[in-house]
2 protein chains.
Amino acid sequence: MPKTTTWDERALLLLGVLTTQSQHGYQINDFIENRLCRVADMKKATAYAQLDRLHAAGMIEIEIAQVGNRPPRKVYSITEPGRALFHDLLATNLATVEAPAFAGDIGLMFMNHLPRAEAIAALRRRLAQLDTLIANQPMPPPHGGKLNLDLAVDHIVAVRRADRDWLATTIDRLEAEATLPNPHPQAAANPLS
Amino acid sequence: MPKTTTWDERALLLLGVLTTQSQHGYQINDFIENRLCRVADMKKATAYAQLDRLHAAGMIEIEIAQVGNRPPRKVYSITEPGRALFHDLLATNLATVEAPAFAGDIGLMFMNHLPRAEAIAALRRRLAQLDTLIANQPMPPPHGGKLNLDLAVDHIVAVRRADRDWLATTIDRLEAEATLPNPHPQAAANPLS
DNA sequence: TTTTCCATGTAACTCGTTACATGATTTC
DNA sequence: GAAATCATGTAACGAGTTACATGGAAAA
């Protein structure tokens with residue numbers, strides 16, 4: 001055993017795609033970019049690298065297929081160990097809560113460094129974006145086989161909607177506070193300790 | 001113009017911390033790890049690298065301070081251009097919707113590849129975790145200065161709660177389906193595929 | 001005929017993390 | 001005296017993205 005690779009959601013994604021059907025690289029990337037783009041995001045080069053790793057670990061097999069004069073295809077198939085790994089990764093993924101990404105919350109922490117009106121205006125733009133995203137959320141094309149895209153999309157929509165509601169409520173609250181005489185006691189210069 | 005660096009939330013985070021008060025590296029990392037850990041996550045080495053980049057770009061100044069025989073401190077202060085950058089990054093961050101991380105949704109897509117009971121059991125474990133996280137969500141220690149940690153934490157809690165509710169509802173629905181005669185057409189063993 | 005699609009990949013770049021290295025001071 | 005804390009950083013590693021390179025086939 002030369003190396004112990006730690007598998008993550010990308011491995012789960014690829015194994016899942018290959019569990020449904022053996023495919024070659026272009027097909028896999030196409031599928032992820034077009035069908036799964038709302039749930040998963042993986043670039044071509046990343047997929048190739050992951051596929052290599054999975055192959056090196058014996059989780060998938062590669063078979064060369066030539067069609068006419070076209071460039072040869074590498075058809076990837078999941079192996080028996082690969083199915084076992086997929087099963088484990090899937091069960092773990094379902095049972096695990098992901099750590100929340102901080103991206104959007106950093107700004108909230110420092111919101112008081114902006115004039116109230118400006119901050120609220122910015123948050124309004126965020127709200128508008130969220131509304132747009134929620135409004136034209138096209139249900140993805142019909143899913144084939146056992147793929148349950150709807151569930152994932154439904155989850156994303158639910159969370160986004162909660163995000164939206166929180167934002168709307170918060171903006172209202174901030175605006176109400178803005179009209180009060182002394183919104184924040186610590187507005188005066190106050191070194192942090 | 002030698003290079004155009006693209007600033008992200010990490011730059012925003014560090015500039016925000018330094019806007020509040022000039023600090024040296026250890027203080028900054030300590031602050032992020034202890035006070036902001038629930039909202040932001042940045043490792044020591046990453047912070048040092050970012051601070052170097054910000055310094056190279058003239059966004060922060062470095063001043064050496066010696067205290068007794070201790071190792072010299074590098075005290076970082078935000079500059080005028082740094083404040084301008086902070087302002088822009090902050091406004092943009094507040095006005096922008098972050099792309100959702102896919103981590104937890106990959107599994108949902110492939111859920112049907114697991115026996116229903118097993119999948120539901122896994123989701124129950126996720127639910128239990130979420131409940132725990134929501135239950136002992138200690139309000140962070142009193143925030144000093146203009147830092148508005150509460151708002152960010154409140155947001156995280158709101159989203160988590162929505163996540164939890166969605167999960168609970170979904171589990172119920174899946175269980176209801178499981179007791180029906182023919183929950184999914186392709187559930188039966190199919191010799192052809 | 002030119003563009004787009006099919007189909008493969010790789011090199012360079014950047015970034016974040018882990019683990020290590022160093023040494024003084026304070027606390028138990 | 002030992003352990004934790006203060007305070008600095010760097011080297012190695014792994015991983016993801018961008019951009020590039022190649023060429024046949026189908027479509028406009």
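Side chains are part of it too, since the values below use all heavy atoms of this structure and drop only hydrogens, waters and symmetry mates. Nothing here was measured: the structure is a model prediction, and the numbers come from that model.
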Can you measure [X] atom [atom1] to [N] atom [atom2] for me and round it to whole angstrom units?
X: A:Q27; N: C:dA7; atom1: CD; atom2: C1'; result: 11 Å
X: A:N34; N: C:dT4; atom1: CG; atom2: P; result: 17 Å
X: A:W7; N: D:dA15; atom1: CH2; atom2: C1'; result: 13 Å
X: B:F31; N: D:dT5; atom1: CZ; atom2: C1'; result: 19 Å
X: A:Y48; N: C:dA11; atom1: OH; atom2: C1'; result: 16 Å
X: A:E33; N: C:dA7; atom1: CD; atom2: C1'; result: 13 Å
X: B:E63; N: D:dT8; atom1: CD; atom2: C1'; result: 17 Å
X: A:D8; N: C:dT17; atom1: CG; atom2: P; result: 15 Å

On a heavy-atom basis, the closest approach of B:R116 and B:E177 is NH1-OE1, 3.5 Å
Show the nearest heavy-atom pair for residues B:D163 and A:V159, with the distance to one decimal.
OD1-CG2, 4.2 Å
Indicate, yes or no, whether a donor-acceptor pair under 3.5 Å links the base of C:dT8 to the side chain of A:K44.
yes
Which class fits the ring pair B:H113 and A:F86: parallel under 30°, tilted 30 to 60°, perpendicular over 60°?
perpendicular
[X] side chain near [N] phosphate (N/O to OP1/OP2, under 4.0 Å):
X: A:R73; N: D:dG24; result: no
X: B:Y26; N: D:dT8; result: no
X: A:R10; N: D:dG16; result: yes
X: A:K74; N: C:dG9; result: yes

Looking at A:K74 and A:E61, does any basic side-chain N land under 4.0 Å from a carboxylate oxygen?
no
Of the nucleotides C:dT8, C:dT10, C:dT17, which one has an atom closest to the side chain of B:D41?
C:dT17
Measure from the side chain of A:K43, starting at C-beta and using heavy atoms only, and say which of C:dG9, D:dT17, C:dT18 lies closest.
D:dT17
For A:W7, check ring-ring contact (aromatic ring centres under 6.0 Å, His included) against everything at least two apart and list the hits.
none
